[in-house]
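Numbering of residues begins at 1 and proceeds along the displayed sequence. In each ligand, atom 1 is the first atom listed, and ligand 1 is the first ligand listed.
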Amino acid sequence: MAHLQQLLARFAAGDIPAASRLMTMIERGGDNAERVLDAVYPRTGKARRIAITGPGGAGKSTLINELTKAFRAQGKSVGVIAEDPSSPFSGGAVLGDRVRMTNACGDAGVFVRSVASRGDLSALSPLASDLADVLDAFGRDIVILESMGASQVETRIRFSADTVVLVLTPEGGDEIQSLKAGLLEVADVVAVNKSDRSGAESMAKDIHAIMDLRAAHDEWRPPVVMTSSRDGEAGTQSLFDALHAHALHLEDGQRRAKRRESALRARMQIRIEESVRASLWQGPILGERFDAIFARVTAGSLSPWQAARELAGSVRLEPRSSA
Ligand SMILES: Nc1nc2c(ncn2[C@@H]2O[C@H](COP(=O)(O)OP(=O)(O)O)[C@@H](O)[C@H]2O)c(=O)[nH]1
Ligand SMILES: [Mg+2]
């Protein structure tokens, strides 16, 4: 496609509208999305990826704004992918006001992309990681992924970033128990945000205790920092420092390479599963055979579970020709 080649050339030259167009192509899916992903992949791997997760309203967007300012002060370029559960529109920037202001200032070193979460609030979508690939390939030094999440399935967020930050608030104290087996397990840094409110200290202590248990079998003891975006730079310095410490930790030996390799493996597995699942019911094998075999079930000549075994077996035996 000549058009795509042109777009990619502009992208490689640092053209922001071209980067936006490529992201839109990825969002729309289909063959074009695959082509874009194939083309950008060889350029990825330089950016430092940071995932910021936590319940809605915890202050993720506000923190990201502060972190962005701090990274900019170091001369680093920043890209943000924000999963925006409140917006049914993809591509519309519906971030916190102050993040929008950063953009409105016309700082070409900050690129914010907001994506709708496709109704799946519980897991950072593969789409977000794909878009992060574009920002990485675009040459952003730092790529931040914002995702709302408080459940256990969200643990696959660890495949999206070098560093996962879990943002909690003193009000969310009741959530700690349910988080134990989930996000707290994959968090590299925990921020107790809104520490200008009461209860922050005791909450931080509780999380410290949980992390001490984890530290017994991990190489990294996730720091628990208290933040207050209300206090701007001063209130978020502790988080910035913790991020730096984790980056240094990853630089030691093969840690970062290993982490990225297992993330890549997981992303590929998720891609295969989603692709097979999507094609399963459209394909000739299950589509047609299901109706025939289901008729035998309703006629009482076959148990539903026998039927399911038979169908699943036939899918396994007959490799599908690619559509
Ligand atoms: N008191 C207080 N409010 C905060 C703090 N950080 C964010 N907020 C407010 O909390 C609300 C939600 O913040 P937002 O960043 O949009 O949360 P998100 O949904 O996690 O992205 C906004 O009204 C913020 O102004 C903080 O440190 N202290
Ligand atoms: Mg937000």
Side-chain angles (χ1 to χ4, degrees), residues 50-71 78-104 110-125 127-128 131-132 142-151 154 157 160-161 163-176 179 182-184 187 189-204 207 223-243:
I50 301 167
I52 311 275
T53 189
K60 298 180 295 297
S61 298
T62 320
L63 280 174
I64 288 170
N65 188 55
E66 291 303 324
L67 291 175
T68 297
K69 282 197 257 173
F71 282 122
V78 179
V80 180
I81 302 291
E83 249 186 338
D84 185 353
S86 63
S87 167
F89 308 106
S90 54
V94 198
L95 277 178
D97 286 337
R98 281 182 281 173
V99 176
R100 257 185 287 168
M101 267 172 56
T102 312
N103 273 358
V110 181
F111 188 123
V112 179
R113 179 80 177 200
S114 181
V115 291
S117 61
R118 290 181 175 172
D120 181 8
L121 301 184
S122 61
L124 189 87
S125 67
L127 175 66
L131 297 177
I142 310 287
V143 175
I144 303 177
L145 297 102
E146 175 183 358
S147 100
M148 190 176 111
S151 77
E154 178 83 358
I157 193 169
S160 73
T163 303
V164 173
V165 179
L166 174 62
V167 182
L168 300 169
T169 61
E171 291 87 28
D174 297 342
E175 286 163 0
I176 293 189
L179 284 168
L183 284 173
L184 278 176
V189 175
V190 180
V192 178
N193 193 38
K194 305 195 185 182
S195 60
D196 48 294
R197 298 190 179 162
S198 65
E201 235 157 285
S202 73
M203 183 179 202
I207 299 171
V224 182
V225 296
M226 297 210 283
T227 54
S228 166
S229 335
R230 280 279 150 89
D231 303 325
E233 204 182 316
T236 49
Q237 185 65 42
S238 58
L239 175 57
F240 197 66
D241 293 344
L243 288 175

J.: Do ligand 1 and Asp196 have nitrogen or oxygen atoms that lie under 3.5 Å from each other?
T.: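 Yes, since at least one N or O of Asp196 sits under 3.5 Å from an N or O of ligand 1.
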J.: So is there a nitrogen or oxygen of Arg230 less than 3.5 Å from a nitrogen or oxygen in ligand 1?
T.: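 Such a contact does occur with ligand 1.
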J.: For Glu146, take its heavy atoms, then give the atoms of ligand 1 lying under 4.0 Å from any of them.
T.: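 Listed by number with element, the hits are 21 (O).
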J.: Report the name of the N/O/S atom of Glu146 located nearest to the Mg ion (ligand 2).
T.: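 Nearest N/O/S atom: OE2.
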J.: Quick one: CD1 on Ile157 to CD1 on Ile52, what's the gap to the nearest 0.5 Å?
T.: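 Those atoms lie 9.0 Å apart.
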J.: Does ligand 1 have a heavy atom under 4.0 Å from the side chain of Thr62, from its backbone, from both, or from neither?
T.: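 Within the 4.0 Å criterion, Thr62 contacts ligand 1 through backbone and side-chain atoms alike.
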J.: So that I can check it, does any N, O or S atom in Thr62 come closer than 2.8 Å to the Mg ion (ligand 2)?
T.: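 So Thr62 does not bind the Mg ion (ligand 2) by this criterion.
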J.: For Gly56, take its heavy atoms, then give the atoms of ligand 1 lying under 4.0 Å from any of them.
T.: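 Atoms satisfying the 4.0 Å criterion: 19 (O).
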J.: Which one of Val190, Leu243, Asp241, Val189 satisfies the side-chain contact (heavy atoms from CB on, under 4.5 Å) criterion with Pro223?
T.: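 Among Val190, Leu243, Asp241, Val189, the one meeting side-chain contact (heavy atoms from CB on, under 4.5 Å) with Pro223 is Val189.
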J.: Roughly how far, to the nearest 0.5 Å, is the CZ atom of Arg230 from the OG1 atom of Thr62?
T.: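 It comes to 8.5 Å.
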J.: I'd like to check which ligand 1 atoms, numbered from 1 as shown, lie under 4.0 Å from a non-hydrogen atom of Arg197.
T.: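 It comes down to these atoms of ligand 1: 1 (N).
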J.: Do any nitrogen or oxygen atoms of Ala58 lie less than 3.5 angstrom from nitrogen or oxygen atoms of ligand 1?
T.: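 Looking only at distances, the answer is yes, because the N/O contact criterion of under 3.5 Å is met.
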J.: Should you measure from each heavy atom of Asn193, which atoms of ligand 1 turn up under 4.0 Å away?
T.: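 Listed by number with element, the hits are 5 (C), 6 (N), 27 (O).
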J.: So does Met226 get a backbone contact from the side chain of Ser238, meaning a donor-acceptor N/O pair under 3.5 Å?
T.: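 Indeed, once roles are kept as given, a pair shorter than 3.5 Å links the two residues.
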J.: Among side-chain atoms of Asn193 and Thr227, is any donor-acceptor pair under 3.5 angstrom?
T.: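 Yes, because at least one side-chain N or O of Asn193 sits under 3.5 Å from a partner of the opposite role on Thr227.
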J.: Would you mind running through ligand 1 and noting each atom that sits below 4.0 Å from a heavy atom of Ser228?
T.: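 Heavy-atom distances to Ser228 below 4.0 Å select 27 (O).
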J.: Write out all pairs satisfying salt bridge (charged side-chain N to carboxylate O under 4.0 Å, His left out) with one or both partners inside residues 189-204, taking only residues at least two apart or from two chains.
T.: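 As it turns out, the salt bridge (charged side-chain N to carboxylate O under 4.0 Å, His left out) pairs with a partner in residues 189-204, which skip direct neighbours, are Glu171-Arg197.
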J.: Sequence neighbours left out, what passes side chain to side chain donor-acceptor pair (under 3.5 Å) with Ser195? Give chain and number order.
T.: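 None.
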J.: Distance from Ile50 atom CD1 to Ile64 atom CD1, nearest 0.5 Å?
T.: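 Atom-to-atom, Ile50:CD1 and Ile64:CD1 are 9.5 Å apart.
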